[in-house]
Every structure is written in C-alpha cells, then in structure tokens.
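First the structure, in the form of structure tokens, and then the observations on it.
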Amino acid sequence: MAHDFDQIIDRRPTESHKWRKYPPDVLPLWVADMDFRSPEPVIRALRERVEHGIFGYGLDQPEFHELVCERLAKRYGWRVAPEAVLTQPGVIPSFNLAAQILAQPGDGVLLATPLYPPLLRVPGNAGLTSDEALLAREADGRYAIDWDALGAAIGPRTRMLLLCNPHNPVGRVLTREELGRLAELCLRHGLGICADEIHCDLVFNGASHVPIASLDPEVERRTITLMAPSKTWNLPGLKASVAIIPDPDLRARFVAAHRDLVRAVNVLGYVAMVAAYRDGQPWLDDLLRYLEANRDVLVDTVRREMPGVRLAPPEATVLAWLDCREAGIPDGDPYTFFLERARVALNDGRTFGRGGDGFVRLNFACPRATLVEALGRMAGALRAHARAG
Ligand SMILES: Cc1ncc(COP(=O)(O)O)c(C=O)c1O
C-alpha cells in the first residue's frame, strides 16, 4: 500500500476535539474524524496557498463545479449542470437550511431513528415536528427500513424526508430498490427530500452508493443532496462541502434562505476541497482497503472476545454501532462502562434518539494498533466485570 495508515500521529498537541475532550489516559474512538494525515496533494495545495500569504475573499472557480459534475457522472452516472453545485461551509448548516425551505413552521419532518444527533435536532431548530419511525433491526443486527412504521409516521402535515445515506450510525448503504421505494413514498405524499450523503465515498466492497436524486428527474426536482470531502479525506475542521440542487427554483429558495447567516466557504477549505476532489482518489482507494481491514478486525474481536455485544459489519462509514444490551453492563450504560472501566471514549447510543439505548458508536478510523489496543481494553473490562459478578 502506497500510503501508510499505520503511522501513529500524536494529535493531543493540536486543538483536536476528539483528543482533547477526555483525560490523556483515555483512547478516543468517538467523533467521526480520522487519525490519519490527509492526502499529500491536499497538504501541498494548502501549503502553497498559505505561502501566498494573502487571504482575501474567495470566489468559486468554474473548474471546481466541473470537477464535482465529472465525479458525479463517473461514480453514479448522475449528470447535473455545473450551476446545480453550490459550495457550502458544513453539511450541518445545509440540512438546517434545507428544512427551512422544504417545510413551514408547524409542518413535519419524516426521519428514522437511531440517527446522527444533529439531524435529530433539525425539526426543533426549524419549528417543525419530528415525524419519527424506528429502523427495523434484523436478528443478525443488520438494519432496514421498517416500511409500515415509516408509512405510519407520515401525517397530514409531513412535508419532507430527512435522509441519511450511507447511514450514521448503523452503517447501511440503501440499495437502489430501497431508495426507489423511499422515493415513491415521497412522491406519493408530496414530500421534499434532503439527502445527507456525506459518507458516500466511504463505502466498502459489496455495497455501492446511489444518490437518491439520481433515480429519476421527478425525484431530482424535489431533492437537496449534500456531499463533502470532509469525511472522505479527513478535512472536517476545514468546513467545506457542497449542496447539489438541480432544480433552479428550489436552488434559488435555498440560496435565499442563507439570509447572510451562512456565508461562503473559507479559502483554505475551498483549496483543500478542490485538491481532494481532483487528486485524492489514489489515497482514498488505499484508505478504503485499510478501513475495511480495520472493520474486519473489529467485527472479529467483538464476536470472539466481547460476549453479549453484537454488531452487523458496517457497509460504509468509519462507524460501528455496537449493541451492548445483552452484555450484562451495569445500569445498561455501555458508554459510561467503557469510559470508566476501559478508558475508551465512544459515543453514547442514547444521543442518537429512539433505538439508541444500550448501544455505543465506535469510530474505527485510526491506526490498527490503536484500534487493537482499544478493543483489548474493552474486552478486558468486560472480562473483569464478568469475573467480579
Ligand atoms: C451524517 C453526517 N452529516 C453531517 C456531518 C457533519 O457535517 P459538517 O461537519 O460538514 O457540518 C456528519 C459528521 O459526522 C455526519 O456523520
């Protein structure tokens, strides 16, 4: 492998949220950024830009829009006009803006839980109701859409679907068939769609990502798609993403909704985004193989050494969703248990809404040695607890 993902880089001297939130003896496998250096071409582009020394206001260049359009056409067969691509700071502001134009206060947002916490907060932020359904969890731990529950969650005032695909935290990549059925449901009920597809580049062998808007022109017309280089090339601190809105009317409403509260991408974020989309693919190809091997180590270790903990191998993302409900953990609180007894920080499943109780989310985007160390600590804590009990 041309890129060395085994290298351990000390992030504590930086302002890293992941590494500075907990005391130094805690291994952080929580927030979704990676402990890997970004691709060299991205670092080089940033270095050159910094050396220029003048950081005035930026203007997106046509080449960038073309880069994104080419990428969408090549990877998904989805052809959009360059003007359909809008640069945005982060994906979180974008899905909040989308909710403001796809629904009016008092209307409802359709979503399925468990779900990435900032997506759960969207209805509350926009004065909307959360029309929620639980995802179905199959016997092997794999998740699927519960079509009956989703249909039942749609009320007379439901106006939009908030979709997360690939899904954080359950790691599913919806199939073309599932997406088709979802799109049909939205068309039947007249729902707009905001599709958070930020994890679309981190998809493992066996699955492939389909942007819901690419299914057909009628679906495209009602959809705001959000993508970013941030998860893919480990640039989330640079706050740069794209919104893809082919329908001119919907796009104009989205732009108007910014009302000067959300402004352009900062110039360093923009430079990194261009370099990543243009030159980042070889690094990404290697990264995916490394992550897949990490995922397999994780699944294997959990199955062999953590009795009562269950997971389905994630099909995408850097995140694993561990069901700890049968592991005999005190107070049914695996987050506190692993933090206090294993000194490993994970995300508390309860923050992902209904369906998250008794679960933790683990980020496996770290050097293998770090992952193995963290899993060893977790398994050790479970063994010590079982012996004591
Ligand atoms: C599904 C999803 N959407 C959005 C974000 C964050 O987006 P941003 O940092 O661009 O606001 C994350 C980060 O983990 C995520 O998992």
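Just follow the structure's listing: the first ligand is 1, and inside any ligand the first atom is 1. Since the model is a prediction, treat every value here as computed from it, not as a measurement.
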For the residue pair His3 and Phe5, does the interplanar ring angle fall in the parallel (under 30°), tilted (30 to 60°) or perpendicular (over 60°) class? tilted
Angle class for the Phe359/Trp321 ring planes (parallel below 30°, perpendicular above 60°, tilted otherwise)?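 Geometry flag for Trp321 against Phe359: parallel rings.
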Heteroatom distance test ([X], ligand 1): nitrogen or oxygen, under 3.5 angstrom:
X	result
Asn168	yes
Ile92	yes
Val91	yes

Output the list of atoms in ligand 1 that are nearer than 4.0 Å to some heavy atom of [X], sorted by atom number.
X	answer
Cys164	1 (C)
Gly90	10 (O), 11 (O)
Lys231	12 (C), 13 (C), 14 (O)
Ala32	14 (O)

Under 4.0 Å, heavy-atom basis, I'd like to know which part of Ala228 is in contact with ligand 1: side chain, backbone, both or neither.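 Neither; no heavy atom under 4.0 Å.
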Measuring from non-hydrogen atoms of Ser241 to any atom of ligand 1, is the shortest distance under 4.0 Å? no
Taking a cutoff of less than 4.0 Å between a non-hydrogen atom of the residue and any ligand atom, is His199 in contact with ligand 1?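 For ligand 1, residue contact (heavy atoms, under 4.0 Å) with His199 is present.
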Please report which non-hydrogen protein atom sits nearest to [atom], along with the residue it belongs to and the distance in Å to one decimal place.
atom	value
atom 3 (N) of ligand 1	Asp196 OD2, 2.5 Å
atom 6 (C) of ligand 1	Tyr116 OH, 3.3 Å
atom 9 (O) of ligand 1	Lys239 NZ, 3.5 Å

Measure from NZ or CZ of Lys21 to the centre of the six-membered ring of Trp30 and say whether it is under 6.0 Å with the direction within 45° of the ring axis.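 Relative to the ring axis of Trp30, which defines the angle, Lys21 lies inside both limits.
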Hey, are Arg157 and Gln104 close enough side-chain-wise for a donor-acceptor pair under 3.5 Å? no
Between the side chain of Arg251 and the main-chain N/O of Ile245, is any donor-acceptor distance below 3.5 Å?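 Yes: the side chain of Arg251 pairs with the backbone of Ile245.
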Quick one: ring-ring contact (aromatic ring centres under 6.0 Å, His included) partners of His65, sequence neighbours excluded? none
Is it true that His209 and Tyr76 have ring centroids separated by less than 6.0 Å?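 Centroid separation for His209 and Tyr76: below 6.0 Å.
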Determine whether Leu191 and Leu119 fall in the same hydrophobic cluster, where Ile, Leu, Val, Met, Phe, Trp and Tyr are linked whenever their side-chain heavy atoms lie under 4.5 Å apart. no
Determine all donor-acceptor pairs shorter than 3.5 Å in which one atom belongs to a side chain in residues 360-385; sequence neighbours excluded.
unit_1: Arg361; atom_1: NH1; unit_2: Asn168; atom_2: OD1; d: 3.1
unit_1: Arg361; atom_1: NH2; unit_2: Asn347; atom_2: OD1; d: 3.1
unit_1: Asn363; atom_1: OD1; unit_2: Ala365; atom_2: N; d: 2.8
unit_1: Asn363; atom_1: ND2; unit_2: Val31; atom_2: O; d: 2.7
unit_1: Asn363; atom_1: ND2; unit_2: Asp33; atom_2: O; d: 2.8
unit_1: Arg368; atom_1: NE; unit_2: Asn294; atom_2: OD1; d: 2.6
unit_1: Arg368; atom_1: NH2; unit_2: Tyr290; atom_2: O; d: 3.3
unit_1: Arg368; atom_1: NH2; unit_2: Asn294; atom_2: OD1; d: 3.4
unit_1: Glu373; atom_1: OE2; unit_2: Arg377; atom_2: NE; d: 2.8
unit_1: Glu373; atom_1: OE2; unit_2: Arg377; atom_2: NH2; d: 3.4
unit_1: Arg377; atom_1: NH1; unit_2: Asp25; atom_2: O; d: 3.1
unit_1: Arg377; atom_1: NH1; unit_2: Arg343; atom_2: O; d: 2.9
unit_1: His385; atom_1: ND1; unit_2: Arg341; atom_2: NH1; d: 3.4
unit_1: His385; atom_1: NE2; unit_2: Gly328; atom_2: O; d: 2.9

